[in-house]
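Every chain is numbered from 1 and lettered A, B, ... according to where its sequence line falls, protein lines coming before strand lines. Values below: all heavy atoms of this structure, side chains included; hydrogens, waters and symmetry mates excluded.
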Number of protein chains: 2
Amino acid sequence: MKTVTFKPRLGSRGRPEQSRAAILQAAVREFAREGVAGARTDAIARTAKVNKALLYYYFKDKEALYGAVLDQVFGGLIASVGEVLSLDLPPREKILAYAGAHFDYVASHPLYPRIVQGEMMGAGRGSPKHLEGIVARYFRPLFGRVADVLKTGQKRGEFRQVDPLHFVPSMIAIIVFYFTSAPVMRLMTGKDPLSPALVAARRAAVLDFISAALFLRPNGKYRGARK
Amino acid sequence: MKTVTFKPRLGSRGRPEQSRAAILQAAVREFAREGVAGARTDAIARTAKVNKALLYYYFKDKEALYGAVLDQVFGGLIASVGEVLSLDLPPREKILAYAGAHFDYVASHPLYPRIVQGEMMGAGRGSPKHLEGIVARYFRPLFGRVADVLKTGQKRGEFRQVDPLHFVPSMIAIIVFYFTSAPVMRLMTGKDPLSPALVAARRAAVLDFISAALFLRPNGKYRGARK
DNA sequence: ACTATCTAACTAACCAGTTAATTAATAACA
DNA sequence: TGTTATTAATTAACTGGTTAGTTAGATAGT
């Protein structure tokens with residue numbers, strides 16, 4: 001988070017980077033809520049309190065704006081998660097720390113998984129132009145690092161012999177699903193699934209699920225889930 | 001005198017129910033590929049090889065057509081899954097049979113989870129009009145039956161003390177995620193994630209994951225995952 | 001004076017939904 | 001049995017509102 005950059009401030013009025021940021025933030029909201037096809041550029045301009053033409057001043061077109069949104073979302077995720085993956089921790093703690101960080105990032109940006117899911121489905125247009133870059137820049141590195149943790153855990157005899165290629169997606173599925181299906185959860189339970197209490201409960205359930213599915217428990221060392 | 005005039009089959013040409021079915025099938029494809037907002041009625045009519053006006057002859061509007069698509073998708077799921085949930089099986093086998101059936105249904109209709117996911121996110125329009133009905137008619141009953149299996153398994157001391165409200169969504173997440181993120185998987189592995197071999201591998205991984213996360217293994221009775 | 005930033009108003013394409021007419025299978029009846 | 005009325009099924013062509021993107025200029029910091 002860098003804010004203090006003295007900028008050239010070339011001749012202009014207003015605060016350009018502020019406008020750009022406002023547009024991006026509004027775009028995140030709109031794309032998350034309505035999807036790529038459903039998003040309306042007018043709506044983005046309105047919530048950014050900016051003239052619509054300004055979107056096209058900062059971004060080539062709707063598609064490019066969407067690309068910028070994707071970069072912000074995924075960039076934030078790997079920044080946040082990459083930090084804990086760099087920590088020097090034993091495999092068990094590291095996997096849980098990763099899962100926890102991923103969960104926390106998603107929980108504090110509940111709109112993001114909707115964008116992620118939408119993009120992963122390659123929603124719309126024949127060739128998901130962005131997806132290739134996303135996978136190369138974000139997914140593959142992230143996968144590699146998590147897979148490494150799994151492998152060392154297995155070498156040390158602490159993890160079950162799961163295939164990372166299946167286990168990692170399964171982890172992500174559990175972490176993310178609750179948030180992408182929040183509307184259903186709301187209707188199922190009658191309560192707000194994004195309330196701090198329920199999010200905390202979900203977090204515990206996720207970590208418990210992953211622990212049980214991955215960790216070997218040679219003997220006794222039990223930690224059954226609370227009801 | 002019961003005049004047997006069942007099926008009046010009043011004057012008409014063509015094969016009406018065939019046209020209707022073609023429209024529905026085309027709609028499933030289009031909605032799955034493009035999402036609700038992205039779907040084009042012209043495209044549906046074209047792939048159904050039918051005049052666009054016919055969509056509005058059989059369905060009130062795009063939204064109603066989407067509703068019919070949802071009913072077909074979810075109806076098929078609970079029909080398929082409900083069958084195995086009615087079987088008289090011990091908890092372990094029943095849970096795995098359910099998960100397997102759910103997986104198989106999704107695997108044999110790879111477009112469906114995209115629709116499910118799109119609807120669960122409540123993509124678009126303020127009030128997901130359909131969602132309420134979907135939850136009431138399909139999700140809640142399904143959840144209830146699976147939760148019952150979990151509870152009896154727990155009573156018999158065969159399952160860990162997980163909270164069904166979290167465990168069931170986690171199961172579904174693992175089952176479905178692979179298919180909703182198929183485009184990403186394709187780019188990650190370079191192979192077709194929907195090929196029979198990879199689908200079979202995924203199925204095994206899913207069942208293994210669920211088993212490990214749920215079943216208690218009192219002592220020794222181990223069944224580690226193959227690599 | 002110069003240029004980055006910003007805007008009101010416009011345009012061209014797109015797209016859900018409609019209309020009015022056409023086709024053919026069946027029933028009615030002569 | 002053949003002729004006609006009836007109605008379901010289907011279509012070509014249109015309509016009107018919406019929406020991504022543009023244009024020509026305005027505003028202000030340096």
Can you sort out which residues in residues 21-31 of chain B have a heavy atom within less than 4.0 Å of DNA chain D? Ascending by number, please.
none

If we ignore hydrogens and angles and just use 3.5 Å, is the side chain of Arg203(A) paired with the main-chain N or O of Phe103(A) as donor and acceptor?
no

Residues Tyr98(B) and His102(B): side-chain donor-acceptor under 3.5 angstrom:
yes

Rounded to the nearest angstrom, tell me the gap between atom CG in Asp61(A) and atom C1' in dT19(D).
14 Å

Whole Å only: how far is the CZ atom of Phe59(A) from the C1' atom of dT5(C)?
14 Å

Heavy-atom check, side chain of Val69(B) versus side chain of Ile115(B), under 4.5 Å:
yes

Heavy atoms, side chains only, cut-off 4.5 Å: are Arg145(B) and Val81(B) in contact?
no

Length of the CD-P vector between Glu63(B) and dA16(C), whole Å
12 Å

Separation of dG21(D) atom P from Leu65(A) atom CG, nearest Å, is 10 Å

Roughly how many Å is it from CZ in Arg40(A) to P in dT19(D), rounded to a whole number?
5 Å

Taking only side-chain N and O atoms of Ser19(A), does any of them lie within less than 4.0 angstrom of OP1 or OP2 on dT5(C)?
no

Ser108(B) side chain to Asp104(B) backbone, donor-acceptor under 3.5 Å:
yes

Between Thr41(B) and dA16(C), is there a side-chain N or O to OP1/OP2 distance below 4.0 Å?
yes

Ignoring hydrogens and angles, tell me if any N or O in the side chain of Arg140(B) forms a donor-acceptor pair with the backbone of Met188(A) under 3.5 Å.
yes

Once you round it to whole Å, what is the distance between P of dC15(C) and CG of Asp42(B)?
7 Å

Name the closest nucleotide to the Tyr58(A) side chain, picking from dT10(D), dG21(D), dC6(C).
dC6(C)

Taking any heavy-atom pair under 4.0 Å as a contact, classify Ala39(A): base, sugar-phosphate, or nothing.
sugar-phosphate

Quick one: does any side-chain atom of Lys94(A) pair with a main-chain N or O of Asp88(A) as donor and acceptor, under 3.5 Å?
no

Take the angle between the ring planes of Phe74(B) and Tyr138(B) and call it parallel below 30°, perpendicular above 60°, tilted in between.
parallel

For Ala68(A), all residues meeting side-chain contact (heavy atoms from CB on, under 4.5 Å), sequence neighbours excluded:
Leu24(A), Phe59(A)

Grab the CZ-C1' distance between Arg20(B) and dT10(D) for me, whole Å please.
16 Å

In whole angstroms, how far is the P atom of dT19(D) from the CD atom of Glu34(A)?
11 Å

Which parts of residues 45-57 of chain A get close to DNA chain D, meaning a heavy atom less than 4.0 angstrom away?
Lys52(A), Ala53(A), Tyr56(A)

